[in-house]
Amino acid sequence: MRKIFLCFALIMLSAFPAMGETRNYGPLTADIPSGWTIEQQGSVTVIKSLSNNASIAVAVNSLGDATLTDIAEHLYIQMSGKNLEQDEDGDYMFTFTNTSGAEGLAILTDSQEGRYILMSVTGYGNDEALNDEIDKIIDSLDWND
């Protein structure tokens, strides 16, 4: 179940020690740097920068009768995704453009408990300081037990 976070850490190139306020929200605990907020929006935990130029969203939902492939294909179409790929662990990844025009990366994984996890990141790019903050948040993500 935690492999999604490892996958993101690898994708984001490197992990940095987490610094900031540790916050529990919904199913997650995260270290939130100054200037970032965290809130629950239905089944989605959203962490975003104060200037709204970056965000991390994590949703945990039931698979129901669908397979992870079914859900990945549905979300790929719904989010107007590009470059849908499945990795060796069975996780799906694709890029997308959100309603504000920001490019993002989505990763979809099976939690092995009849649920799937969708994580998306926007704002990762040319701003190294912002990239570092995103990396630190992702590295700090953990499930509340």
Side-chain angles (χ1 to χ4, degrees), residues 1-16 18 20-33 35-64 66-144:
M1 189 157 119
R2 294 181 190 198
K3 68 182 176 181
I4 185 94
F5 302 117
L6 176 60
C7 184
F8 252 111
L10 293 173
I11 288 171
M12 298 304 175
L13 302 176
S14 61
F16 299 90
E21 179 184 354
T22 300
R23 303 273 306 271
N24 292 316
Y25 239 91
L28 298 174
T29 298
D31 291 340
I32 306 301
W36 287 72
T37 61
I38 184 171
E39 61 185 46
Q40 196 70 27
Q41 297 177 356
S43 65
V44 181
T45 303
V46 179
I47 305 165
K48 54 186 171 178
S49 65
L50 192 58
S51 60
N52 289 324
N53 61 344
S55 68
I56 301 163
V58 181
V60 180
N61 292 301
S62 172
L63 281 168
T67 66
L68 189 64
T69 301
D70 295 336
I71 291 174
E73 290 171 353
H74 174 78
L75 290 172
Y76 178 75
I77 292 168
Q78 182 181 17
M79 296 170 73
S80 300
K82 298 174 223 120
N83 307 315
L84 178 64
E85 297 177 8
Q86 186 177 26
D87 68 14
E88 64 277 357
D89 293 327
D91 297 332
Y92 287 89
M93 291 178 247
F94 60 88
T95 57
F96 65 94
T97 304
N98 70 13
T99 56
S100 301
E103 292 293 317
L105 173 68
I107 294 181
L108 185 71
T109 190
D110 188 338
S111 74
Q112 303 299 321
E113 299 170 356
R115 296 178 296 174
Y116 68 91
I117 302 163
L118 173 64
M119 179 184 249
S120 66
V121 176
T122 58
Y124 199 89
N126 297 328
D127 183 335
E128 286 190 38
L130 184 59
N131 293 347
D132 287 349
E133 287 185 326
I134 292 170
D135 287 337
K136 289 174 186 177
I137 294 168
I138 290 170
D139 187 46
S140 78
L141 290 174
D142 203 0
W143 293 106
N144 294 330

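Worth knowing before you read on, the calculation uses all heavy atoms, side chains too, and leaves out hydrogens, waters and symmetry mates.
Without hydrogens or angle criteria, Gln40 side chain to Gly42 main chain gives a donor-acceptor distance under 3.5 Å. Using a distance-only test at 3.5 Å, with no hydrogens or angles considered, no donor-acceptor pair links the side chain of Asn61 to the main chain of Tyr116. Without hydrogens or angle criteria, Asp89 side chain to Asp91 main chain gives no donor-acceptor distance under 3.5 Å. At least one donor-acceptor pair under 3.5 Å links the side chain of Asp70 to the backbone N or O of Thr67. Checked by atom type and distance alone, the side chain of Ser111 never pairs as donor or acceptor with a backbone atom of Ile117 at under 3.5 Å.
Counting non-hydrogen atoms of neighbouring residues, nucleotides and ligands closer than 6.0 angstrom, the CD atom of Gln41 exceeds 12 such neighbours.
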**OP:** Give the C-alpha distance, both sets of side-chain angles, the deciding distance and a yes or no for side-chain contact (heavy atoms from CB on, under 4.5 Å) between Tyr92 and Thr69.
**Re:** CA-CA 8 Å; Tyr92 287 89; Thr69 301; 2.5 Å; yes
Subject >> Lys48/Thr122 under side-chain contact (heavy atoms from CB on, under 4.5 Å): CA gap, chis, key distance, verdict >> reply: CA-CA 9 Å; Lys48 54 186 171 178; Thr122 58; over 6 Å; no
**OP:** Give the C-alpha distance, both sets of side-chain angles, the deciding distance and a yes or no for side-chain contact (heavy atoms from CB on, under 4.5 Å) between Asp139 and Asp135.
**Re:** CA-CA 6 Å; Asp139 187 46; Asp135 287 337; over 6 Å; no
**OP:** Evaluate the criterion side-chain contact (heavy atoms from CB on, under 4.5 Å) for residue pair Tyr124 and Leu105; output intermediate values, then yes/no.
**Re:** CA-CA 9 Å; Tyr124 199 89; Leu105 173 68; over 6 Å; no
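Between Ile134 atom CD1 and Asp127 atom CG the span is 8.5 Å, to the nearest 0.5 Å. Atom OG of Ser51 sits about 7.0 Å away from atom CG of Leu130, to the nearest 0.5 Å. To the nearest 0.5 Å, atoms OG (Ser62) and CD1 (Ile71) are separated by 7.5 Å. Between atom CG of residue Leu68 and atom CD of residue Gln86 there is a gap of 7.5 Å, rounded to the nearest 0.5 Å. Distance check: Leu84 CG to Leu108 CG gives 9.0 Å after rounding to the nearest 0.5 Å. Summarising the geometry, atom CG belonging to Asp31 is positioned 13.0 Å from atom CD1 belonging to Ile138; distances are rounded to the nearest 0.5 Å.
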